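Data block below; observations after.
These numbers come from the heavy atoms of this one structure, side chains and all, not from hydrogens, waters or symmetry mates. The residues of the chain are indexed from 1 along the displayed sequence. Not measured: the values here are computed from a predicted model.
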Amino acid sequence: METLASAMRRDNRRFKAPSSTPSSSAGRVPIVMAFLSCLAWLYVAGRLWQDAQTRAILSGLLEKSSDNLPKALSVDDKLRNLGCTEIGRKIAEAEMDITKAKSEGYLWGNGTGTGTGTGTGTGTTTSDKKKLLAVIGVYTGFGSRLKRNTFRGSWMPRGDDLKKLEEKGVVIRFIIGRSPNRGDSLDRNINDESRRTNDFLILESHEEAAEELPRKVKFFFSAAIEAWDAEFYVKVDDNINLDLAGLIEMLEERRGSQGLYMGCMKSGLVVSEEELQWYEPEWWKFGDAKTYFRHASGSLFILSNNLARYININSASLQSYAHDDISVGSWMMGLNATYVDDDRLCCLSSTQEKVCSSG
C-alpha cells in the first residue's frame with residue numbers, strides 16, 4: 001500500500017499545474033502590442049494631418065496666383081509671356097517686305113522696282129535718282145588672277161576710270177564666292193586684291209567649287225540686285241572679251257523694257273552618259289528626245305530688272321541643273337519673259353558684228 005501511495009504522489013507531482021510566473025508574462029504581450037498599435041496610429045494620423053495642411057497651403061497659393069492671371073490668354077498675351085513679341089513684330093515686317101517685293105519685282109506691267117541704289121543707306125528711290133543702266137558680272141575663280149589682270153588692261157576700266165563708268169550708269173565687278181576652307185589663303189588673297197582694285201562682288205554665301213557652279217548664278221543675281229538698282233544684269237564668263245561700248249549701246253536701246261531675257265539662244269542634246277563632258281544628272285526630266293529647251297548660251301546672257309528680282313525673291317525654291325545657263329532657262333520658261341535672240345551676243349560664233357568674243 002505504501003508503495004502504491006508513493007507512486008500516486010509521484011504522478012500527482014508530475015501533473016501539477018505550472019507556476020504563476022509564465023502566465024503573467026503571456027498576459028503582458030497583448031498590452032505591448034496594443035501600445036505599439038496606438039503609437040503607429042498616432043504616427044499615421046500625424047502624417048495625414050501634415051499632408052492635409054500642406055495641401056491646404058498649396059491650394060491657397062494656387063488660388064491666389066490664378067486670380068492674378070486672365071482666364072483666357074490672347075495670342076498677344078501668349079507671345080508676350082513667351083518673350084516672343086519682338087519675333088512676332090519681325091515676322092510681320094518680313095511679310096510686309098515680301099508683299100512689297102512681289103508687287104514691285106516680277107509682276108508685269110507695274111513699272112520697275114524701287115530699290116536703294118548702291119546701298120548707301122540714303123533711301124534714294126528711282127523717283128529721285130536715275131536707275132543704273134547695267135550691272136556686269138564677270139565670273140572668275142581663285143586661279144584666274146592673270147585673266148583678271150588681262151581684262152583690266154583691255155576692255156575693263158580700272159581705278160578712277162571704273163568709278164567714272166559707274167557714274168555713267170554701268171557697274172562692272174568680278175564675281176567670286178568663298179573658299180571651301182573659309183578664311184584660308186585663297187580667301188585672304190582675294191580680300192587683298194579686292195581692297196586694292198575695288199572691282200569684286202564677293203558672294204559670301206557661295207562656295208567656289210566646281211560642283212557648286214550651277215548655283216552661283218542665283219547668288220550673283222540676288223547679290224547684284226540687292227546692291228545696285230539697274231535696268232539690266234549681265235552675266236559674262238571669264239574667257240570672254242567684251243566690246244563694252246557696243247554692249248552699252250545695245251542696252252540703251254532697250255532701256256525701260258521689262259521681262260527681257262537676252263542672249264545667243266540655242267537648244268542642244270542632253271548628255272546622259274556620265275563619262276562624257278556636259279553630263280546632265282537630271283537628263284530623264286527632258287523627255288525621250290533628250291533635247292534641252294530654248295535657252296541663252298552661258299557665255300553671256302542678260303536679264304532685265306524684274307527677272308533678276310524674281311530670281312532673288314524665289315532663289316530658295318528654284319531648281320538648279322548641271323549648267324547655269326540651263327538653270328536660268330528653266331526658270332524663264334514659267335514666266336511671261338520676252339526672249340531676245342541676238343547674234344551679236346553669240347560670243348563663240350564667227351559672226352562679224354558682235355559685242356563679245358572668245359578670249
Is any side-chain heavy atom of Tyr310 closer than 4.5 Å to a side-chain heavy atom of Leu318?
yes

Under the side-chain contact (heavy atoms from CB on, under 4.5 Å) rule, what do Trp331 and Ser315 come out as? Steps first, then yes or no, please.
CA-CA 10 Å; Trp331 305 336; Ser315 60; over 6 Å; no

Ser222 side chain to Lys218 backbone, donor-acceptor under 3.5 Å
yes

Side-chain heavy atoms of Asn312 within contact of Glu226, under 4.5 Å:
yes

Does Glu211 have more than 12 heavy atoms from other residues, nucleotides or ligands lying within 6.0 Å of its CD?
yes

So, are Asp324 and Lys235 salt-bridged, with charged N and O less than 4.0 Å apart?
yes

Between Lys266 and Asp341, is any pair of side-chain heavy atoms under 4.5 Å apart?
no

Any chance you could measure Thr197, atom OG1, to Asp192, atom CG, to the nearest 0.5 Å?
10.5 Å

Among the clusters formed by ILVMFWY side chains lying less than 4.5 Å apart, do Ile202 and Phe151 turn up in the same one?
yes

List the steps and the verdict of side chain to side chain donor-acceptor pair (under 3.5 Å) for Arg215 and Ser320.
CA-CA 6 Å; Arg215 285 176 283 276; Ser320 294; 5.2 Å; no

Could you tell me whether the SG atom of Cys264 lies less than 2.5 angstrom from the SG atom of Cys347?
no

Among Val138, Leu242, Val234, whose side-chain contact (heavy atoms from CB on, under 4.5 Å) with Ile172 holds?
Val138

Ring pair (Phe, Tyr, Trp, His ring centres under 6.0 Å) pairs, two or more places apart, involving residues 230-271:
Tyr261-Tyr339

In the single-linkage hydrophobic clustering (I, L, V, M, F, W, Y; side-chain heavy atoms under 4.5 Å), do Val217 and Ile176 co-cluster?
no

Kindly compute the distance separating OG (Ser299) from CD1 (Ile240), expressed to the nearest 0.5 Å.
4.5 Å

For residues 184-223, the ring pair (Phe, Tyr, Trp, His ring centres under 6.0 Å) pairs (sequence neighbours left out) are Phe174-Phe200, His206-Phe219

Which pairs pass side chain to side chain donor-acceptor pair (under 3.5 Å) with one or both residues in residues 165-179, sequence neighbours excluded?
Glu166-Arg173, Arg178-Asn191, Arg178-Glu204, Ser179-Asp184

Where Gly246 and Val355 come nearest, the two heavy atoms and their spacing
C-CG1, 3.7 Å

Counting only N and O atoms by type, is there a donor-acceptor contact under 3.5 Å from the side chain of Arg148 to the main-chain atoms of Gly141?
yes

Evaluate the criterion side-chain contact (heavy atoms from CB on, under 4.5 Å) for residue pair Leu165 and Ile248; output intermediate values, then yes/no.
CA-CA 11 Å; Leu165 183 64; Ile248 292 174; 4.3 Å; yes

Take Leu345 and Ile302 through the side-chain contact (heavy atoms from CB on, under 4.5 Å) test and state the conclusion after the steps.
CA-CA 10 Å; Leu345 299 175; Ile302 305 166; 4.2 Å; yes

Would Arg158 and Asp160 pass as an ion pair if we require N to O under 4.0 Å?
no

Side chains of Leu203 and Leu201: does their closest heavy-atom pair fall under 4.5 Å?
yes

In plain terms, say whether Arg254 and Glu231 are close enough for a salt bridge, that is, a side-chain N and a carboxylate O under 4.0 Å apart.
no

How close do Leu348 and Ser358 get, counting heavy atoms only, and between which atoms?
CD2-CB, 3.7 Å

Between atom CZ of Arg309 and atom OG of Ser304, what is the distance when rounded to the nearest 0.5 Å?
11.0 Å

For the CG atom of Leu213 and the OG atom of Ser327, what is their distance to the nearest 0.5 Å?
9.5 Å

Shared hydrophobic cluster, Ile326 / Val328 (ILVMFWY, side-chain heavy atoms < 4.5 Å)
yes

Test side-chain contact (heavy atoms from CB on, under 4.5 Å) applied to Leu303 and Met332, step by step
CA-CA 10 Å; Leu303 298 182; Met332 297 300 105; 4.1 Å; yes

Between Met250 and Met262 the two heavy atoms that sit nearest each other are SD-CE, 4.0 Å

Please check if Leu162 and Leu251 belong to a single hydrophobic cluster, counting links between Ile, Leu, Val, Met, Phe, Trp and Tyr side chain heavy atoms closer than 4.5 Å.
yes

How long is the gap from CG on Leu146 to OG1 on Thr150, to the nearest 0.5 Å?
6.5 Å

Examine Val236 and Tyr139 and state if one hydrophobic cluster contains both, with Ile, Leu, Val, Met, Phe, Trp and Tyr joined whenever side-chain heavy atoms are less than 4.5 Å apart.
no

Taking the side chain as every heavy atom from C-beta outward, state whether Asn305 and Asp229 have any pair of such atoms under 4.5 Å apart.
yes

Run the salt-bridge test on Arg182 and Glu207 with the 4.0 Å N-O cut-off and return the result as yes or no.
no

Using a strict 4.0 Å threshold on nitrogen-to-oxygen distance, state whether Glu193 and Arg196 make a salt bridge.
no

With a 4.0 Å cut-off, would you call Asp243 and Arg344 a salt bridge?
no

Is the shortest side-chain heavy-atom distance between Arg255 and Leu133 below 4.5 Å?
yes

Hey, what do you get for SG (Cys346) to CG (Leu300), rounding to the nearest 0.5 Å?
10.0 Å

Are Glu212 and Glu208 side-chain neighbours, meaning at least one heavy-atom pair lies under 4.5 Å?
no

Could Asp199 and Arg152 be called an ion pair, given the rule that one side-chain N must be under 4.0 Å from one carboxylate O?
yes

Show the nearest heavy-atom pair for residues Ala322 and Pro281, with the distance to one decimal.
CB-CD, 3.7 Å

Between Ile136 and Leu244, what is the shortest heavy-atom contact and its length?
CD1-CD1, 3.8 Å

Tell me if the CD atom of Glu252 is crowded by more than 12 foreign heavy atoms within 6.0 Å.
yes

Shortest non-hydrogen contact from Pro157 to Trp155?
CD-O, 3.5 Å

